[in-house]
Amino acid sequence: MLTPRIPSDLEILDAIYREHHTDFVLYDEDKGVRASKVMVPVNCRKIASTLNVDGDVVFGRLYYHLEEKYGYKREDGSQVAFFALQAGGDRHCINFPLMISVLAGLKEEEDKFWISTMLSILALIISVLSYLGLGIDL
């Protein structure tokens, strides 16, 4: 039996962004759509099906890992949630602006990784060609 692939934080947050961005923007047009503009309900099952994993995997990552990692306390002692079980009357809500900031940071890290990897591969190719005496003048 194959072990299912575990989605990265980047993949989960990107799927949430793609699925719920219109929900976030909709609040400006209709304030009655949810309790708060910032806290957007997440359909964990739908996100999970997009990623081909169980819904509890997505919920668990949001609630147990990402909330712990990115939720924080302000200096005045108030809590800023990354993911909340309940926000007003809405369940399973993510702090959308905070999530977008985290997502942007993760994408930036991924870009840096790929750029440095490609430069390393290029340097390796040039070194091998130089070693083989194929005379590449740069």
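We count residues from 1, following the sequence as given.
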**Student:** Does Val57 reach the side chain of Ile12, with side-chain heavy atoms less than 4.5 Å apart?
**Tutor:**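 Result no, sub-4.5 Å side-chain heavy-atom pair not found.
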**Student:** List the residues meeting salt bridge (charged side-chain N to carboxylate O under 4.0 Å, His left out) with Arg18, not counting sequence neighbours, and say none if there are none.
**Tutor:**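 For Arg18, the residues satisfying salt bridge (charged side-chain N to carboxylate O under 4.0 Å, His left out) (neighbours in sequence not counted) are Asp14.
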**Student:** For the OG atom of Ser116 and the CD1 atom of Ile121, what is their distance to the nearest 0.5 Å?
**Tutor:**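 Going from the OG atom of Ser116 to the CD1 atom of Ile121 covers 9.5 Å.
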**Student:** Specify the closest pair of heavy atoms between Pro7 and Glu11, including all atoms of both residues, with the distance to one decimal.
**Tutor:**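 That closest heavy-atom pairing would be CA-OE1, 3.1 Å.
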**Student:** Donor-acceptor pair, distance only, cut-off 3.5 Å: does the side chain of Ser127 make one with the backbone of Ala123?
**Tutor:**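 The answer is yes, because a donor-acceptor pair under 3.5 Å joins these two groups.
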**Student:** Just by distance, do the side chain of Arg34 and the backbone of Phe24 share a donor-acceptor pair under 3.5 Å?
**Tutor:**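 Yes, because the side chain of Arg34 sits within donor-acceptor range (under 3.5 Å) of the backbone of Phe24.
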**Student:** State, yes or no, whether a side-chain contact exists between Glu110 and Leu10 at a heavy-atom distance under 4.5 Å.
**Tutor:**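 Yes, close enough: below the 4.5 Å cut-off.
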**Student:** Does atom CG (Asp30) have a neighbourhood of more than 12 heavy atoms from anything else shown, all under 6.0 Å?
**Tutor:**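 Yes.
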**Student:** For the hydrophobic clusters of this structure (ILVMFWY residues joined by side-chain heavy atoms under 4.5 Å, transitively), does one cluster hold both Val40 and Leu85?
**Tutor:**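 Yes.
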**Student:** Ile126, Leu119: one ILVMFWY side-chain cluster at the under-4.5 Å cut-off?
**Tutor:**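 In one cluster: no.
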**Student:** Step through the shown structure and confirm whether more than 12 heavy atoms of other residues, nucleotides or ligands are within 6.0 Å of CG on Leu122.
**Tutor:**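 Yes.
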**Student:** My understanding is that only residues two or more places apart in sequence, or in another chain, count here; which of them pass ring pair (Phe, Tyr, Trp, His ring centres under 6.0 Å) with His20?
**Tutor:**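 Per chain and number, His20 pairs via ring pair (Phe, Tyr, Trp, His ring centres under 6.0 Å) with no residue.
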**Student:** State, with a plain yes or no, whether a side-chain heavy atom of Thr117 is found less than 4.5 Å away from one of Lys112.
**Tutor:**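 No, their side chains stay 4.5 Å or more apart.
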**Student:** To check you understand the geometry: which heavy-atom pair defines the closest contact between Leu98 and Ala81, and what is its length?
**Tutor:**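 Result for this residue pair: CD2-O, 4.1 Å.
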**Student:** Do Met39 and Phe59 share a hydrophobic cluster (ILVMFWY, side-chain heavy atoms under 4.5 Å, transitive)?
**Tutor:**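 No.
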**Student:** Is the shortest heavy-atom distance from the side chain of Phe96 to the side chain of Ile100 under 4.5 Å?
**Tutor:**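 In short, these two side chains touch, coming nearer than 4.5 Å.
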**Student:** If we ignore hydrogens and angles and just use 3.5 Å, is the side chain of Asp90 paired with the main-chain N or O of Ala35 as donor and acceptor?
**Tutor:**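 Such a contact is found between Asp90 side chain and Ala35 backbone.
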**Student:** Could you state whether Ile47 and Tyr17 fall into the same hydrophobic cluster, counting links through intermediate Ile, Leu, Val, Met, Phe, Trp or Tyr residues with side-chain heavy atoms under 4.5 angstrom apart?
**Tutor:**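 Hydrophobic grouping puts Ile47 with Tyr17.
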**Student:** Using atom types as modelled, flag every donor-acceptor pair under 3.5 Å from a side chain in residues 63-74 to any protein atom, sequence neighbours excluded.
**Tutor:**
residue: His65; atom: NE2; partner: Asp9; partner atom: OD2; Å: 3.3
residue: Glu67; atom: OE1; partner: Phe82; partner atom: N; Å: 2.6
residue: Glu67; atom: OE1; partner: Phe83; partner atom: N; Å: 2.7

**Student:** About how many Å separate CD1 of Ile16 and CG of Leu103, when rounded to the nearest 0.5 Å?
**Tutor:**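 The CG atom of Leu103 sits 9.5 Å away from the CD1 atom of Ile16.
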